[in-house]
Structures are given as C-alpha cells and as structure tokens.
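Have a look at the structure below before the remarks.
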Amino acid sequence: MRVDGRDAAAVARAAGLLAAGELVAFPTETVYGLGARAGDDAAVAKIFALKGRPAGHPLIVHVAGRAEAERFGVLSPLAERIVDAFWPGPVTVIVRRVPGAAEAAAAGQATIGLRCPAHPVAHALLVAARDAGVPGVAAPSANRFGRISPTTAAHVVEEFGDELLVLDGGAAQLGIESAIVDCSRERPVLLRPGVLTPERLEAALGAPLAGAGPGAPRAPGTLESHYAPRARLRLMSTQMLKTALEMLGSDPLKLAVYSRSVPSGVATGVRHRRMPARPEQAAHELFAVLRELDNDGVHLIWVEEPPPGPEWDGVRDRLSRAAAA
C-alpha cells in the first residue's frame with residue numbers, strides 16, 4: 001500500500017509496524033529500502049524471505065544519527081572521519097559489530113554496515129522508529145534479490161504488490177546505492193562505489209583507499225551478478241555497439257539500446273534511450289530506464305560503456321554486474 005511519506009500519521013504508522021516486527025518500504029536519496037527492526041532476527045528473516053536473498057549476504061543498518069550507530073558498531077577513527085564528512089548521506093561504513101547486536105542483519109559477521117540516509121522521509125521514519133524503541137532499521141533495496149533496484153514507490157509496488165506498506169517520497173535523487181567503505185581494518189577499502197568519488201572519500205579519510213583483498217568482509221551489492229533486468233544486458237564499447245547495429249540489419253530482435261549518442265544504423269523497431277552525458281544524471285535514471293525497457297518486453301539491452309574516470313565508477317559498477325547475470 002502506497003502512502004504519502006510526508007504525512008506524519010503515515011510515518012508513525014510505519015514506525016509502529018517496524019516496532020511490531022513487520023516490514024516497511026521507504027525512500028532514501030539512493031534507492032528505496034525494504035526495512036525491518038535491525039535488532040529483531042525474526043523480523044530481519046522476513047526481509048531475506050520476501051526478497052529471496054541468501055541469508056549469508058549481509059544488510060545495511062540505517063540509523064538516525066551517530067548515537068544510534070554506536071548501538072550496533074564501534075566507530076573506528078577512519079569511520080568517524082567518514083561520518084563527520086558525509087552523514088547524513090550516501091555512504092555506508094563497515095565497522096566492528098557490537099557483540100550480540102543485529103546478528104542476522106550482519107549475516108553472522110563480526111562487522112556491520114551502518115548508514116545515516118539524507119532523505120527527509122527516511123530521517124523522519126528513523127527518528128519515529130527510534131522513539132518507538134527501534135534504534136536501527138536493517139534495509140536492503142526493496143526488490144527481488146539480484147534484480148533492478150527501485151527508485152520510486154511504484155517500483156516497489158511492482159515488485160511486492162499492495163500488501164507491503166510503502167512510504168512514498170518521490171523519485172530517489174541519486175538513483176544508485178551508497179558507496180561502502182570498510183573501516184574495520186587498518187586501511188580503508190572501497191567495497192562498492194557510489195556517487196561519492198574515491199578522491200572525496202580519501203580527502204575525508206586522510207588516507208588512500210586500498211583494494212579489497214583477502215579478509216574483506218562480505219558487503220551488499222558486491223556479488224558478481226546483481227542489479228539485473230529480465231532482459232539480457234550486454235555492455236559494449238562505442239565501436240562494438242556501432243558494428244553490432246550495422247550487422248543487425250532490419251531485424252530488431254526485440255532489442256533496446258542505451259547509449260550516450262544516437263547510433264547510426266539503428267533498425268526500425270529498436271527501442272533507443274539516450275544515456276545522459278553527466279554521471280550524476282546517468283546514475284539518477286539508470287535503474288528506472290532499465291526497468292522501463294524490461295517492462296517494454298525487450299529481450300536484449302545493449303548498453304554503451306560509460307566513459308573512463310572515477311566519477312563514472314558507480315554507474316560502471318552497476319552495469320557490469322547487471323551484464324554478468
């Protein structure tokens with residue numbers, strides 16, 4: 001059931017459901033989340049069941065602020081620098097978990113991911129939940145596991161139907177999930193790129209980001225295959241896309257093309273969407289466009305590779321994982 005996230009009564013209702021161990025979907029500035037009381041393992045199990053998510057794939061705990069974060073994790077000096085620079089905002093820190101806290105949400109790991117979202121509806125919900133005795137809300141994206149993340153309330157209803165309460169906060173501003181920085185070890189590691197570039201993260205950390213090597217904690221959205229439409233997505237260089245379209249001839253094959261320029265030689269019937277030239281605009285619309293093309297019934301989606309550069313890392317990461325499905 002979609003309700004207005006700006007309605008205080010709707011937010012209070014959602015907080016009450018969370019306190020009672022039920023699921024609620026809510027907007028963040030990145031994507032919509034499917035939330036449960038983080039400290040209630042039975043409630044968290046409902047997330048895994050509804051999404052079809054493997055129980056060994058951890059969730060991020062969303063909090064209203066630093067005091068609530070410290071109920072679940074021990075903020076290292078590295079994590080404190082990220083928190084001070086970017087919270088509330090689109091970055092998750094992985095820290096050592098407080099013993100006994102959010103065992104199921106952390107998938108049994110000794111670490112836990114924590115985020116304070118900036119969306120006003122998310123913040124209102126987290127404050128109301130805290131006041132109802134829920135200091136943190138475990139929430140992955142509100143979609144079937146491995147599929148396209150939702151950026152509107154309508155996308156969530158499309159995934160799960162009308163029985164789930166969905167706080168409608170409009171379209172997500174950023175459109176791809178938060179960056180995840182592992183701050184649980186001596187050196188910080190970027191486990192998942194987002195809209196915050198490595199340069200901005202390193203400036204806040206005062207240290208370079210290391211590559212994810214042995215011993216890195218499991219983190220959301222880092223499986224090789226993820227974010228995938230039902231259609232087969234292929235990521236192609238500009239020249240490869242041009243050549244493939246020229247070879248296609250007049251047979252559209254229920255094909256969609258998502259590229260920064262209008263390619264020559266597009267057969268009649270091929271569905272074309274133009275990718276924005278700016279990375280933040282491309283991130284904002286990416287999942288919505290993939291979902292739209294999927295719903296159009298295409299069988300293939302050919303996507304032009306994003307340009308090089310760290311500002312495109314988040315979009316490139318999501319497309320690469322979608323193409324691996």
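This is a predicted model, so every value here is computed, not measured.
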* Nearest-0.5 Å distance, CG of residue L167 to CZ of residue R2 -> 11.5 Å
* Structure fact -> Value for CG (L235) from CE (M240), rounded to nearest 0.5 Å, stands at 9.0 Å
* Asked: Under 4.5 Å between any side-chain heavy atoms of N143 and I148, yes or no?
  -> no
* Asked: Relative to Y227, does R318 satisfy both conditions: NZ or CZ under 6.0 angstrom from the six-membered ring centre, and within 45 degrees of the ring's axis?
  -> yes
* Salt bridge present between R192 and E177 (N-O < 4.0 angstrom) -> no
* What pairs of residues pass the side chain to side chain donor-acceptor pair (under 3.5 Å) test when at least one of them lies in residues 79-91, not counting sequence neighbours? -> R66-E80
* Any donor-acceptor pair under 3.5 Å linking the side chain of R37 with the backbone of L23? -> no
* Asked: In Å and rounded to the nearest 0.5 Å, what is the OG to CG distance from S141 to L59?
  -> 10.0 Å
* Using modelled atom types only, decide if a donor and an acceptor are shared between the side chain of H284 and the backbone of Q173 within a distance under 3.5 Å. => yes
* To do: Give every residue pair that meets the side chain to side chain donor-acceptor pair (under 3.5 Å) criterion with at least one member in residues 44-61, sequence neighbours excluded.
  => E22-K46
* Atom CZ of R200: over 12 foreign heavy atoms under 6.0 Å -> no
* Structure fact -> Heavy atoms of A43 and G21 approach each other most closely as CB-O, 3.5 Å
* Asked: Taking only residues at least two apart or on different chains, which pairs with a member in residues 285-294 satisfy side chain to side chain donor-acceptor pair (under 3.5 Å)?
  -> E158-R291, E159-R291, Y258-E285, R271-E292, R273-E292
* Do side-chain atoms of E103 reach the backbone of G100 as a donor and acceptor pair under 3.5 angstrom? -> no
* To do: Apply side-chain contact (heavy atoms from CB on, under 4.5 Å) to L114 and V83, showing your working.
  => CA-CA 10 Å; L114 301 170; V83 166; over 6 Å; no
* Asked: Taking only residues two or more places apart in sequence, or in another chain, which ones meet A118 in a side-chain contact (heavy atoms from CB on, under 4.5 Å)?
  -> E29, P88
* Side-chain heavy atoms of R230 within contact of N295, under 4.5 Å -> yes
* Asked: Are S149 and T30 close enough that some pair of their side-chain heavy atoms sits under 4.5 Å apart?
  -> no
* Might you point out which heavy atoms bring A138 and A38 nearest each other, and give the distance in Å? => N-CB, 3.7 Å
* **Verdict with reasoning, R115 to T28, per side-chain contact (heavy atoms from CB on, under 4.5 Å)** => CA-CA 11 Å; R115 181 162 100 88; T28 76; 3.1 Å; yes
* Measure the spacing between CG of L290 and CG of L319 and express it to the nearest 0.5 Å. => 6.5 Å
* To do: Find out if a path of hydrophobic residues (ILVMFWY) with successive side-chain heavy-atom gaps under 4.5 Å connects M275 to L241.
  => no
* R97 side chain vs Q109 backbone, donor-acceptor pair below 3.5 Å -> yes
* Check the hydrophobic clustering (I, L, V, M, F, W, Y; side-chain heavy atoms under 4.5 Å; chains of links allowed) and say if V156 and F26 are grouped together. => no
* **Reported CD1-to-OG distance for the pair I112 and S184, which is rounded to 0.5 angstrom** => 12.0 Å
* Structure fact -> Here the pair of heavy atoms bringing P220 nearest to I180 is O-CD1, 3.5 Å
* I82 and L201: CA distance, side-chain angles, deciding distance, side-chain contact (heavy atoms from CB on, under 4.5 Å) verdict -> CA-CA 7 Å; I82 292 291; L201 294 169; 3.9 Å; yes
* To do: Flag yes if Y32 and L17 sit in one hydrophobic cluster, no otherwise; membership is Ile, Leu, Val, Met, Phe, Trp, Tyr, and two members link when side-chain heavy atoms are under 4.5 Å apart.
  => no
* **Flag side-chain contact, heavy atom, 4.5 Å: I94 against V181** => no
Side-chain polar contacts of residues 301-311 - donor-acceptor pairs under 3.5 angstrom, sequence neighbours left out - could you list them?
from	atom 1	to	atom 2	distance (Å)
E304	OE1	R260	N	2.9
E304	OE2	T238	OG1	2.6
E304	OE2	R260	NH2	3.0

* Contact summary for W312 and P276, nearest pair of heavy atoms -> CH2-O, 3.6 Å
* Asked: Same cluster or not: are L125 and L164 linked, directly or through other Ile, Leu, Val, Met, Phe, Trp or Tyr residues, by side-chain heavy atoms under 4.5 angstrom apart?
  -> no
* Asked: Do P135 and V63 touch side chain to side chain, with heavy atoms closer than 4.5 Å?
  -> no
* What closest approach, in Å, do G35 and I47 show between heavy atoms, and which atom pair accounts for it? -> C-CD1, 4.1 Å
* Spacing of CG belonging to L300 relative to CZ belonging to R232, to within rounding of 0.5 Å -> 9.0 Å
* To do: Decide yes or no for D168 and D4: does some side-chain heavy atom of the first lie under 4.5 Å from some side-chain heavy atom of the second?
  => no
* Connected via hydrophobic side-chain network under 4.5 Å: V44 and F72 -> no
* Asked: Side chains of P90 and L196: closer than 4.5 Å at any heavy-atom pair?
  -> yes
* Asked: Can you find a heavy atom in the side chain of T92 that is under 4.5 Å from one in the side chain of L191?
  -> no
* **Non-neighbouring partners of R278 that pass salt bridge (Lys or Arg N to Asp or Glu O under 4.0 Å), sequence neighbours left out** => E280
* Donor-acceptor pair, side chain of R96 and main chain of G73, under 3.5 angstrom -> no
* Asked: Looking only at heavy atoms, which two atoms of P279 and V315 are closest? And how far apart?
  -> O-CG2, 4.0 Å
* **Donor-acceptor contact present, side-chain R218 to main-chain A107, <3.5 Å** => yes
